[in-house]
Amino acid sequence: MSDNTMKLTSAEGHSVELNLRKGTVGPEVVDISSLYREMGVFTYDPGFVSTASCQSAITYIDGGKGELWYRGYPIEQLAERASYLEVAYLLLYGDLPHAPQLAEFQRIIRYHTMINETLKNFFNGFHYDAHPMAVMVGVVGSLSAFYHDSLDIHDPRHREISAHRMIAKMPTIAAASYKHNVGEPFIYPRNDLDYCANFLNMMFATPCEEYTQDPVAVKAVNLLFILHADHEQNASTSTVRLAGSSQANPFACIASGIASLWGPAHGGANEAVLDMLQEIGDVSNIDKYIARAKDKQDPFRLMGFGHRVYKNHDPRATIIRKICHEVLNNMADNDSPLFELALRLEEMALQDEYFIERKLYPNVDFYSGIIYRALGIPNSMFTVMFAIARTVGWVAHWMEMMDDPQQRIGRPRQVYTGADRRDYIPLEHR
Ligand code: ACO
């Protein structure tokens, strides 16, 4: 057996040689794609704990070291120095843009920010108190009914136009879902503002009053968007890939990603963290909630804690924690008591044997909601903010998949545990 294969022998003595694949970095991967053909068995891995579903060159995570790279660049460097659209370009095209490439990308995104006027009718179909994520799933899914000119998924140029449209229109749709919720008229995008400032303007300007941009708010949104831009094969990205593997159109795929993101175990955690902190209310109650989180009979979990991959620290949480002070100090109506509560909760949980043993650390969403709240963004919009930022990651993975010659329809196997074969019994004999 050569160095890059692994031999697997069944109890009956049948053997198969499986290839070991090596990525640029990270653990070796056993290629089991021939297993069923060779040995007639499937593998079982609920939750994909040990299973790579694809090859990807976009994002790398070392959960043990707490490292995250986009196209090889450490997240700390991008968070400190890049703009969100620069990172979006990097994720989509593989390299950081030169100045003219970035200017052209910014121009393209800027000129795709408007949504079709008739799309507004979709918002009116929702009751005013619809959750903005419900509106996002519906309206983004409906985009495929508008852009017939770019829906040939086998044409790379069509794919690119669809990608640009989604990145550009997502903030416009997100802000409109908020305006619908608060009963205010939609604000059109403005071409003189950059991506993040434009979003804040669409959220907070009204026809009666201009919104004064706060550079600290713009910087905070830019940073949070960068931190949320991609995270390799997480639940929502895997959902986008699975939907895309059937050759569904990209708007439908991204809508399915938004739906998957919404759950509190994934992107919905940022909203759940704020709800939890407000419910805890005071430092004196922390003990009680930590005890609840440890109680296996109680479904309560410490929201914003734990991660499938990070078992040391989530580098994004470390970055956000640092800028929390800056943002909160800058905001007149700040929520530092909530931040103080979060810091104390983190401190107490990190000293607790239960959390130490299970390697449970604060994740990106433990602090993101505190910042969004300080910027005046309501809890129900937190996951929408995540969806805006993650759109580029979803789209980059969808584009990569569509270009992959090994791409096939995603079709997991199962262990069937239902009834054995049995015959139909006529109704009168049951
Ligand atoms: N509070 C209390 N206990 C927890 C928590 C938590 N937040 N997270 C995990 N645990 C416990 C589990 O009960 C389990 O304990 P056990 O071994 O005694 O049964 C152990 O830690 C391992 O947890 P799993 O659920 O098996 O880990 P998994 O990798 O499947 O789940 C997840 C990861 C979903 C993130 C989980 O930690 C969780 O629910 N966290 C809270 C929700 C959250 O913050 N989600 C955001 C994730 S980041 C993102 O998507 C952007």
Side-chain angles (χ1 to χ4, degrees), residues 44-51 59 61 63-64 66 68 70 75 79 133 223-240 257-277 279-280 286-321 342 345-372 379 381-394 397:
Y44 181 59
D45 183 19
F48 299 103
V49 176
S50 305
T51 300
T59 290
I61 303 172
L68 168 63
Y70 294 164
I75 191 67
M133 282 298 277
L223 177 79
L224 289 173
F225 279 7
I226 290 174
L227 298 181
H228 275 141
D230 193 44
H231 213 230
E232 51 118 307
Q233 311 308 324
N234 55 83
S236 57
T237 303
S238 299
T239 304
V240 170
I258 296 173
S260 169
L261 184 75
W262 194 0
H266 189 11
N270 53 12
E271 183 179 342
V273 168
L274 247 282
D275 293 343
M276 176 188 75
L277 290 174
E279 192 184 313
I280 296 175
I286 292 178
D287 276 336
K288 196 171 80 196
Y289 281 86
I290 290 190
R292 282 190 61 192
K294 290 157 46 176
D295 179 357
K296 295 291 169 200
Q297 308 309 318
D298 188 332
F300 175 79
R301 280 191 166 197
L302 217 50
M303 298 314 289
F305 256 77
H307 197 276
R308 170 62 62 76
V309 183
Y310 294 119
K311 299 298 172 198
N312 178 317
H313 71 279
D314 179 341
R316 303 166 302 171
T318 312
I319 296 168
I320 296 186
R321 198 174 185 273
L345 176 60
E346 177 188 0
E347 192 186 335
M348 287 171 72
L350 291 181
Q351 287 167 2
D352 193 294
E353 214 36 56
Y354 174 96
F355 292 87
I356 296 170
E357 257 174 28
R358 290 169 179 76
K359 298 187 166 52
L360 301 171
Y361 296 88
N363 59 52
V364 64
D365 284 328
F366 192 67
Y367 290 112
S368 64
I370 294 173
I371 297 184
Y372 283 140
N379 296 17
M381 283 293 290
F382 293 173
T383 314
V384 175
M385 302 294 289
F386 194 156
I388 300 173
R390 183 56 59 85
T391 295
V392 70
W394 292 329
H397 281 272

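Counting convention: from 1, in listed order, for ligands and their atoms alike.
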Exercise. Number the atoms of ligand 1 from 1 as they appear, then name those within less than 4.0 Å of a heavy atom of R308, with their elements.
Key: 28 (P), 29 (O), 30 (O), 33 (C)
Exercise. Indicate yes or no for a side-chain donor-acceptor contact from T383 to the backbone of W262 under 3.5 Å, with no hydrogens or angles considered.
Key: no
Quiz prompt | Any non-hydrogen protein atom less than 4.0 Å away from atom 27 (O) of ligand 1 | solution = no
Practice problem: Heavy-atom contacts with F386 under 4.0 Å: which atoms of ligand 1 show up? List them by number with element. | Solution: 51 (C)
Self-check item: Heavy atom of the protein closest to atom 4 (C) of ligand 1 (residue, atom name, distance)
Solution: L360 CD1, 3.6 Å
Self-check item: Test item: side-chain donor near acceptor, T59 and D230, under 3.5 Å
Solution: yes
Quiz item: Ring centroid separation for H228 and F386, is it under 6.0 angstrom?
Solution: yes
Exercise. Just need the protein heavy atom nearest to atom 17 (O) of ligand 1, so name the residue and atom and give the distance.
Key: R358 NE, 3.8 Å
Quiz item: Between A272 and ligand 1, which residue portion shows a heavy-atom distance shorter than 4.0 Å: side chain, backbone, both, or neither?
Solution: neither
Quiz item: Any N or O of K311 that comes nearer than 3.5 Å to an N or O of ligand 1?
Solution: no
Quiz item: Would you say ligand 1 has an N or O under 3.5 Å from any N or O of F355?
Solution: no
Quiz item: Between D365 and ligand 1, which residue portion shows a heavy-atom distance shorter than 4.0 Å: side chain, backbone, both, or neither?
Solution: side chain
Self-check item: Sub-4.0 Å protein heavy atom near atom 22 (C) of ligand 1
Solution: no
Self-check item: Structural part of R301 in contact with ligand 1, heavy atom criterion under 4.0 angstrom
Solution: both
Practice problem: Please work out whether any backbone atom (N, CA, C, O) or any side-chain heavy atom from C-beta onward of N234 is under 4.0 Å from ligand 1, and answer side chain, backbone, both or neither. | Solution: neither
Quiz item: Side-chain donor-acceptor pair under 3.5 Å between Y289 and E279, yes or no?
Solution: yes
Practice problem: Could you check whether the rings of F305 and F355 sit parallel, tilted or perpendicular, using 30° and 60° as the cut-offs? | Solution: perpendicular
Practice problem: Determine, using heavy atoms of Y354 and all atoms of ligand 1, whether some pair is separated by less than 4.0 Å. | Solution: yes
Exercise. Answer with yes or no whether the side chains of S260 and S236 bring together a donor and an acceptor at under 3.5 Å.
Key: no
Quiz item: Which atom pair, heavy atoms only, marks the closest approach of A349 to I290?
Solution: N-CD1, 3.8 Å
Practice problem: Give the atoms of ligand 1, by number and element, whose distance to some non-hydrogen atom of H266 is under 4.0 Å. | Solution: 46 (C), 49 (C), 50 (O)
Practice problem: Ignoring hydrogens and angles, state whether a donor on the side chain of H231 or T237 is under 3.5 Å from an acceptor on the partner side chain. | Solution: no
Practice problem: Look at atom 1 (N) of ligand 1 and say which protein heavy atom is nearest, naming residue and atom and giving the distance to 0.1 Å. | Solution: L302 N, 3.1 Å
Quiz item: Which heavy atom in Y367 sits nearest to a heavy atom in A342, and how many Å separate them?
Solution: CE2-CB, 4.0 Å
Quiz item: Do ligand 1 and F305 have nitrogen or oxygen atoms that lie under 3.5 Å from each other?
Solution: yes
Exercise. Verify, without hydrogens or angle tests, whether N363 (side chain) and G306 (backbone) share a donor-acceptor contact under 3.5 angstrom.
Key: yes
Quiz prompt | Sub-4.0 Å heavy-atom approach of A235 to ligand 1 | solution = no
Exercise. With heavy atoms of A269 as the reference, note each atom of ligand 1 found under 4.0 Å away.
Key: 43 (C), 44 (O), 45 (N), 46 (C)
Self-check item: Salt-bridge criterion met for D352 and K294 (N-O under 4.0 Å)
Solution: yes
Quiz item: Within a radius of less than 6.0 Å around CZ of F48, do more than 12 heavy atoms belonging to other residues, nucleotides or ligands occur?
Solution: no
Quiz prompt | Shortest protein contact, atom 35 (C) of ligand 1 (heavy atom only) | solution = G306 O, 3.6 Å
Quiz item: What is the nearest protein non-hydrogen atom to atom 45 (N) of ligand 1, stated with its residue, atom name and distance?
Solution: A265 O, 3.0 Å
Practice problem: For ligand 1, indicate whether the residue K296 contacts it via side chain, backbone, both or neither (heavy-atom separation under 4.0 Å). | Solution: side chain
Quiz item: Which protein heavy atom lies closest to atom 48 (S) of ligand 1, and at what distance to 0.1 Å?
Solution: H307 CD2, 3.7 Å
Self-check item: Given D314, L68, L223, the one that forms side chain to side chain contact (heavy atoms under 4.5 Å, CB included) with I319
Solution: L223
Exercise. Decide whether the shortest distance between a heavy atom of G47 and an atom of ligand 1 is less than 4.0 Å.
Key: no
Quiz item: At a 4.0 Å threshold, what atoms of ligand 1 neighbour a non-hydrogen atom of G304?
Solution: 43 (C), 44 (O)
Quiz prompt | S50 backbone acceptor or donor facing D45 side chain under 3.5 Å | solution = yes
